[in-house]
Amino acid sequence: MYICPMHPEIEQDKPGDCPKCGMHLEQKAVPAGEEDNKEARILARKFWIGLILTLPVFLLALGEMIPALSLKVFASSKLSRWLQFIFATPVVLWAGKIFFVKAWKSVLNKSLNMFTLIAMGVGAAYGFSAIAIFFPDIFPESLKKHGGIGLYFEAAAVITVLVLMGQFLEAKARKRTGQAIKALLGLAAKVAHRIRESKEEDVAIDQILKGDLLRVRPGEKVPLDGIIIEGKSTVDESMVSGEPVPIAKIEGDRVIGATVNQTGTFVMRTEKIGSETLLSQIVKMVADAQHSRAPIQKLVDQVSGYFVPAVLGCAVVTFIMWFIFGPSPALAYALVSAISVLIIACPCALGLATPMSIMVGVGIGAQSGILIKNAEAIEKCEKITHVLTDKTGTLTVGKPQVTAIITANGWDEKSLLSIAASIEQNSEHPLARSVVDYVKEKGYELALVDGFQSVTGGGVKGKVKGKAVLLGKQKFIEGNGISLPEELKKKSDELQGKAETVIWVAFDGQVAGVLGVSDPIKNTTPDTIRALHKMGLKVVMLTGDNEKTAKAIAKELGITDVYAGLEPKGKQGIVKKLMSEGAKVMMAGDGINDAPALAEAEVGVAMGTGTDVAMESAGITLVKGDLNGIIKALRLSRGVMRNIRQNLFFAFIYNAVGVPIAAGVLYPFWGLLLSPMIAGAAMSFSSVSVIGNSLRLRNIKL
């Protein structure tokens, strides 16, 4: 799809110009490797040819002012006037044709824009001069000097060339705002090593099907999204998370297409292909967000709607005032001033102020692992006062892990873990799985188990190396006639006070130790909470977990407001309540139960490691699932909105100062009158300056 940079609601399936503003439509998501920029090439060719033809027109017109060139006599001759016409005509009618075409379309579409003003200004200057060449007798004697009427071919030609240069520079600069998408697309692997019937073959990515087995060697890109079924490695996932630290991957772990395999070789089973992959989803989300409209744009649109008619009115008033009250020749002064007003009042800078900042900001966010669904989320993010966050999977890792190991006298950690994991490998309980995964990650060996039994609500038992092993709750161990050391009881109580689940392990009638299992707080969470408090934001925890666990986590993180035991509707209700009290709420979560609250909040932030439903409901997705991304999102939002306000300030001030000067308000005081050529240069560079300021966002530190 092709879309307008200034009016994203304008979409079509082929290239062309926007019927509202006349700007060249851009592809919403640029295909990988496509470097062609037809618009920029055409503008460059027209600019350079136009410049070559304009130079002699400019020199001939200014001949009287350059004595050293000895052109004074020649400049006022009939031949000079015809040469100006001959050289200026292709500049205006060929190089500048695109402006007249766009202006005519703006009239047909009843949407006057910058090209309407340019075409009227250039057309008036060229048309007046052409009539003076062919029909000089129709003009009054007061306008005739040195044997002819004053010509403005140089103004028409120079303005055309300057506007072409501005459009060319703008096209090149706009192209840079889409570099984020090109960079993402360029990450994708092109070839994969597919394994079929024990044979390995290299095939193109678009030939891979779901379920295909692919081998990935060190240094290669992971071809598509899938699961490791054999081998282990470390994978650099910075392309989606923004974090440079490689992630260890073992059998059963998910891998993401376009990330880079580093140390080991593994075989993966493909789960997602084509548009289903995370990379494709990121590209689509970035493209959609870059062309969405921020609420602040509505104000700009309203102003722009009245802008062009107001400028036309100002030009008419300027012409009349100069014609009635101006010095002789009044018509010449009136024409020059009116043309200057039309040329300098470029609404393009105003229209580009918001979308250019949004495009750059969304791209920067994507490269840092922050996926922004729409521009509205950026604007609202800046005004947030409360950050509400789910606990499980958001503040915490989201799955139980072994977080404490306490051995009894005569036992070491390795022996205790090996015994515990050996018996737990036969259990399907989530806590049992966490123990087994932890021990496998350590690389400890597991023993064979005989006579395994699971006791509902108590624990498990069996024999390892011919000795009886019991594993489970304290009551289960005691119920089997085993006495518990007082020291271990105290430490068990301490672990329970931290909301950890305690697993007792007994071997051959004696307690071997205890394991503490919990959903640990993510490493980055404490620093993030402190940073949010430092930014003056109120942090509130919403969780469906029990109050004891919730308060233990909250106390550790320094969160004072905690709501526990909540159902999805309860979380949504708290969001509504705070918003009704005037709070600007950001909600962060990762599960299906968080979706209603995410959709209700001013800004919803989903963890990329969570459910698709949560991500669909949220305005912002943190690819890494790291709450620290909220800090980055807030900084990005503030930077983008500050940049937009700077752009709008430049655009408004430029027009507020430029139009009166072009109209001639300084002439009565200092005799200063703005040349249409200078007005053309100023108009061209106003748009380029707005884009240049937007591109400064690429240096923002998140």
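- Using a 4.5 Å heavy-atom threshold, the side chains of Arg433 and Val436 count as touching.
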Check residues 403-416 and write down every donor-acceptor pair under 3.5 Å in which the side-chain atom is one partner and the other belongs to a residue at least two apart or another chain.
residue: Thr403; atom: OG1; partner: Glu500; partner atom: OE1; Å: 2.8
residue: Thr403; atom: OG1; partner: Gly516; partner atom: O; Å: 3.3
residue: Thr403; atom: OG1; partner: Ser518; partner atom: OG; Å: 3.0
residue: Thr407; atom: OG1; partner: Trp411; partner atom: O; Å: 3.4
residue: Asp412; atom: OD1; partner: Lys414; partner atom: N; Å: 3.1
residue: Asp412; atom: OD1; partner: Ser415; partner atom: N; Å: 2.8
residue: Asp412; atom: OD1; partner: Ser415; partner atom: OG; Å: 3.0
residue: Asp412; atom: OD2; partner: Ser415; partner atom: OG; Å: 3.2

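- A donor-acceptor pair under 3.5 Å is formed between the side chain of Ser368 and the backbone N or O of Ile364.
- Counting heavy atoms from C-beta outward, Glu602 and Met579 have side chains that approach closer than 4.5 Å.
- By the 4.5 Å heavy-atom criterion applied to side chains, Asp519 and Gln401 are not counted as neighbours.
- No side-chain N or O of Ser275 forms a donor-acceptor pair with one of Ser280 less than 3.5 Å apart.
- The shortest side-chain heavy-atom distance between Thr528 and Ile631 falls under the 4.5 Å cut-off.
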For residues 208-231, which side-chain N or O atoms pair as donor and acceptor with protein atoms under 3.5 Å away, sequence neighbours left out?
residue: Lys210; atom: NZ; partner: Glu276; partner atom: OE1; Å: 3.1
residue: Lys210; atom: NZ; partner: Glu276; partner atom: OE2; Å: 3.0
residue: Asp212; atom: OD2; partner: Arg194; partner atom: NH1; Å: 3.4
residue: Asp212; atom: OD2; partner: Leu209; partner atom: N; Å: 2.9
residue: Arg215; atom: NE; partner: Glu200; partner atom: OE1; Å: 2.8
residue: Arg217; atom: NH1; partner: His193; partner atom: NE2; Å: 3.3
residue: Arg217; atom: NH1; partner: Glu200; partner atom: OE2; Å: 3.3
residue: Arg217; atom: NH2; partner: Glu200; partner atom: OE1; Å: 3.4
residue: Arg217; atom: NH2; partner: Glu200; partner atom: OE2; Å: 2.4
residue: Glu220; atom: OE1; partner: His193; partner atom: NE2; Å: 3.2
residue: Glu220; atom: OE1; partner: Arg217; partner atom: N; Å: 3.0
residue: Glu220; atom: OE2; partner: His193; partner atom: NE2; Å: 2.7
residue: Lys221; atom: NZ; partner: Leu187; partner atom: O; Å: 2.8
residue: Asp225; atom: OD1; partner: Gly257; partner atom: N; Å: 2.7
residue: Asp225; atom: OD2; partner: Leu278; partner atom: N; Å: 2.8

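- The 12-atom threshold is exceeded at CD of Glu581, counting heavy atoms of other residues, nucleotides or ligands nearer than 6.0 Å.
- When all heavy atoms of Leu417 and Tyr438 are compared, the pair lying nearest together is CD1-CE2, 3.8 Å.
- For CD of Glu441, the number of neighbouring non-hydrogen atoms (other residues, nucleotides, ligands) closer than 6.0 Å is 12 at most.
- The shortest side-chain heavy-atom distance between Val469 and Lys461 does not fall under the 4.5 Å cut-off.
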